[in-house]
Peer 1: 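Quick one: the structure is below, and I'll ask about it shortly.
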Amino acid sequence: MTNRLDELNPAQRAAVTAGDGPVLILAGAGSGKTRVITYRIAYLLEERKLAPRQLLAVTFTNKAAAEMKERLRALLGNSAGELWISTFHSACARILRQEIEVLGYGRNFTVFDEGDAATTIHWALESAGASGGLGVGALRTRIDQAKNEGLGPAELAARDPSGEGALTAEIYRLYQSRLKSLNALDFGDLLMLVHQLFTTRPEVLARWQARFNYVLVDEYQDTNRVQYLLLQALARASGNLCVVGDEDQSIYRWRGADIRNILEFERDFPNALVFKLEQNYRSTKTILAAAHSVIANNLERKEKRLWTENEAGEQIVHYTGVTERDEADFIAREIGRLGQEGFRPAEMVVFYRTNAQSRVIEEALVRRRVPYYVVGGVRFYERREVKDLLAYLRLIANPADALSLERLTAVPPRGVGARTLEVLGAAAAREGVSLFAAMGRAEAESAIALRIARQVSALHQWLSALIQNAAQMKVRELLDEIVARSGFFAYLDSLPDGADRREGVTELLSAAAGFDQEHGPGGLTDFLERVALVSDSDQVAQAGGSAALMTLHTCKGLEYPVVFIAGMEEGLFPHSRSQGAGEVEEERRLLYVGMTRARRLLYLTNTLSREIYGTRQEARPSRFLREIDPTLIRRFAPAGRNEPLRVPARGEIHVDYSDSQLPPAGDGDFGVGSRVAHPTFGAGVVRKREGRGEGAKAWIQFERAGTKLLVLKYAQLKPIADS
DNA sequence: GTCGGGTACTTTTTT
DNA sequence: AGTACCCGAC
């Protein structure tokens, strides 16, 4: 250990060797945070003689947890095995697998994803007969927020007695009781129910307090209220709570994260030791200075400044394309060019604000033959065919999961339709049994045709047998039987996109096989839990020969030699739905996180026009671009069509027309940005297009007459050539 | 009961 | 643009 400490700078060493009690480590981007956490754990185990099982370390992603475990195994050898290093959600799930029965759930509970939750809220909305007001999405957000704050339906109703508040609370109540009858938990429940246990069952809390002598939390700036309460409860006995974070990197306010948790840690834990890690080992001086000039505009932060001994490095490149296609092609071209300068594709990454931006960039990369992969977006386990198959597994693990039962009954189609299920559901409710149990008695149900009832009971028998045997079977074996017996492939082949779907199934089968290798038979519940709690960034490949594409939210905790940030435009970044003062600050932090991922080269790109929801809109440069010290930026673009790339003079405005999808000026197509003349309104500029063909309209900003929406067919517009 | 067309809406970000 | 959903027609 002693030699190991030599590898740390003084601030890092102080943090690693801090004594008992609350500890706050303010770790700037690239300041060696992961190393500090890992070494601190090693220090606690070796020098302070903590047993591995006495320590709980909470990370933000499963991948971060796995990497940390790996490093510790290298430092400590096998004793790392008993360590609890996991995400908040995984840790809570694990606690609940042991403790949940006192709350009236079974230990084999299912973890619902977003879609399952939405379906259930839809059900609640219908059974409440509520119409108008809030939609499923809004309700889901509100309920989730309540759970993030640790509030139940009654508390929510008390806090917001308005009509909307009452409706939300009522739906929340119905939703919650439905979840319970399905023996299912949503993401919020994982945290909330542990909180409930800890507050209502002192003996349970005491047990876990005794178990965990030391709690360590990474990315503390992104903890929400319940997480805060959980930590406080757990650490109350020992007082040993060590949190690591950086308020400048707090980017999950919208999902309940409370930046005050970190800003007020010293108030909450008055005797806390505080350590600041301000030396950055990752980025060039230029990148760091640019990032600082952006984040310095935030008010809700403590002033601090990262510094580095790294070289100044290259200027930041700012590129402007006419359309998103230009932007994408520039990125693809640059990645290609850098490839020839010795950067591997895997060292380069493209970040964007919204998932929708990835498509155009992907197309450009395909055209330029750049290997790439997308992190996040449509999640693998939420793909239709995968969810269809998982429904079988979920039912086997948890026969109360009627949602999965309904799903698997319909896919592949076996003549048992919605009406049959309705009858069975009514029978189940009448007799107070589960839907699955009611299926076993279908043949006694007179309202169901005998032919169909036989189908139902055959399905029931088969599934019952699988439930019986599941404990002895590997997940892969279960899946193989399900696929074979249900005729899943034959069903897929009957679909127009069957070939693509087969791929998803194959991938799921190999994921299951991989899981079985670690677990052996009977791991079904663990497998499903892992599936439910995978995070987007878990898919980030550490090696491989492809450039990565991901949202700015997903990029947290990563670093790359070359970073592109696309879509630096008002309305996109900062996003039009995040225009409140606090929200813009969060967007700014998001950019800060993105910029500080870069080691050597940073590119920022924007466009003059972008297609949003099918209409082309004028795009203005992001305010954040102006916040960067201009001396750190080099604008990089060709001056006009058919001219080679060149570095423009300072202050010159540059636009890339080289791969523009806009029609050439003056061809009468009235593209966004083109100048037009109207017989009565005079000269103007096309600002936005709507519709196509006969009904195509354009918003035109006239020099004298203001902005008008005109139908192109009747407007008698004439193009004016740009000067 | 299913198909198809028209319409309205969307995802901003995710465990 | 894409899709989810609703209503009317076969």
Side-chain angles (χ1 to χ4, degrees), chain A residues 58-65 86-93 111-119 122 135-138 140-141 144-145 147-148 185-192 218-219 222-224 226-227 249-257 324 351-360 363 375-379 381-382 384 410 413 415 417-420 529-539 550-557 567 569 571-580 583-584 586-591 593-594 610-617 689-692:
Chain A
V58 181
T59 58
F60 206 69
T61 64
N62 299 298
K63 180 163 166 283
S86 67
T87 64
F88 256 112
H89 287 85
S90 299
C92 287
V111 178
F112 269 12
D113 68 19
E114 205 90 343
D116 305 323
T119 307
H122 188 84
V136 171
R140 208 194 51 67
T141 308
D144 199 49
Q145 262 162 12
K147 289 183 177 180
N148 282 336
L185 273 58
D186 66 14
F187 292 131
D189 284 339
L190 291 171
L191 306 173
M192 172 96 173
D218 191 12
E219 307 285 4
D222 279 319
T223 50
N224 60 35
V226 208
Q227 290 168 337
Q249 297 186 60
S250 169
I251 56 174
Y252 284 102
R253 190 172 106 136
W254 52 274
R255 88 178 193 208
E324 61 273 23
F351 300 148
Y352 35 79
R353 179 65 178 80
T354 67
N355 283 306
Q357 288 169 256
S358 78
R359 214 189 81 207
V360 183
E363 286 166 2
V375 183
V378 183
R379 287 187 194 69
Y381 290 112
E382 287 178 19
R384 178 77 167 285
R419 249 200 37 228
T420 306
E529 183 170 306
R530 184 185 293 196
V531 164
L533 298 179
V534 281
S535 56
D536 280 348
S537 36
D538 293 337
Q539 314 156 25
M550 68 187 81
T551 66
L552 285 150
H553 281 88
T554 306
C555 82
K556 182 153 84 162
E569 294 145 34
L572 186 60
F573 194 23
H575 199 271
S576 53
R577 309 225 173 156
S578 303
Q579 294 295 324
E583 293 171 314
V584 170
E586 174 137 320
E587 298 278 306
R588 194 177 278 115
R589 290 192 292 268
L590 194 54
L591 176 59
V593 168
R610 183 175 295 273
E611 197 165 283
I612 294 169
Y613 296 142
T615 55
R616 186 151 287 286
Q617 307 225 21
R689 290 285 301 265
E690 280 180 12
R692 3 190 103 229

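Lettering of chains follows the sequences in order, A, B, ..., and the numbering in each one begins at 1.
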Peer 1: Please list, chain by chain and in numerical order, all residues satisfying side-chain hydrogen bond (donor to acceptor under 3.5 Å, both in side chains) with A:Glu529, sequence neighbours excluded.
Peer 2: A:Arg97
Peer 1: Rounding to the closest angstrom, what is the interatomic distance between B:dT13 and C:dA4 at atom P?
Peer 2: 16 Å
Peer 1: Output all residues satisfying side-chain hydrogen bond (donor to acceptor under 3.5 Å, both in side chains) with A:Arg253, sequence neighbours left out; order by chain, then residue number.
Peer 2: none
Peer 1: Check nucleotides 9-11 of chain B against the protein and report each pair of N or O atoms closer than 3.5 Å, with its distance, or say if there are none.
Peer 2:
residue, atom, partner, partner atom, Å
B:dT11, O3', A:Tyr613, OH, 3.2

Peer 1: Just to confirm, is there a sub-4.0 Å distance from OP1 or OP2 of B:dT13 to any side-chain nitrogen or oxygen of A:Ser578?
Peer 2: no
Peer 1: Distance check needed: B:dT14 C1' versus A:Trp254 CH2, whole Å only.
Peer 2: 4 Å
Peer 1: May I have the distance from A:Arg253 (atom CZ) to B:dT14 (atom C1'), rounded to whole angstrom?
Peer 2: 17 Å
Peer 1: I'd like the C1' distance from B:dT11 over to C:dC6, given in whole Å.
Peer 2: 22 Å
Peer 1: Just the rounded figure in Å: distance from C1' of B:dT14 to CD of A:Glu219.
Peer 2: 14 Å
Peer 1: Check side-chain hydrogen bond (donor to acceptor under 3.5 Å, both in side chains) between A:Glu583 and all other residues, then give those that pass, not counting sequence neighbours.
Peer 2: none
Peer 1: Starting from C1' on B:dT13, measure out to CD on A:Glu114 and report it in whole angstrom.
Peer 2: 11 Å
Peer 1: Measure CG/A:Leu190 against C1'/B:dT15 and give the value in whole Å, please.
Peer 2: 9 Å
Peer 1: Is the backbone of A:Leu190 close enough, under 3.5 Å, to the side chain of A:His89 for a donor and an acceptor to pair up by distance?
Peer 2: no
Peer 1: Using a cut-off of 4.0 Å on non-hydrogen atoms, how would the nucleic acid contact of A:Glu586 be classed: base, sugar-phosphate, or nothing?
Peer 2: nothing
Peer 1: Within less than 4.0 Å of OP1 or OP2 of B:dT13, is there a side-chain N or O belonging to A:Thr554?
Peer 2: no
Peer 1: Send over the distance from A:Gln145 CD to B:dT13 P, rounded to a whole Å.
Peer 2: 16 Å
Peer 1: Is there a donor-acceptor pair under 3.5 Å between the side chain of A:Asp144 and the backbone N or O of A:Arg255?
Peer 2: no
Peer 1: Looking only at the side chain of A:Glu611 (C-beta and beyond, no hydrogens), which of the listed nucleotides C:dA1, B:dT15, B:dT14 gets closest?
Peer 2: C:dA1
Peer 1: So, using side-chain hydrogen bond (donor to acceptor under 3.5 Å, both in side chains) as the criterion, who are the partners of A:Asp189 when residues are at least two apart?
Peer 2: A:Lys147, A:Gln176
Peer 1: Between P on B:dT15 and CD on A:Glu529, what's the gap in Å once rounded to a whole number?
Peer 2: 15 Å
Peer 1: Measure CD1/A:Ile251 against C1'/B:dT15 and give the value in whole Å, please.
Peer 2: 13 Å
Peer 1: Ring stacking, A:Phe88 with base of B:dT15, under 5.5 Å and under 30°?
Peer 2: no
Peer 1: Does A:Ser86 have any side chain to side chain contact (heavy atoms under 4.5 Å, CB included) partners at least two apart in sequence or in another chain, and if so, which?
Peer 2: A:Ser90, A:Ala91
Peer 1: Between C:dA1, B:dT14, B:dT15, which nucleotide has the shortest distance from any of its atoms to the side chain of A:Thr87?
Peer 2: B:dT15
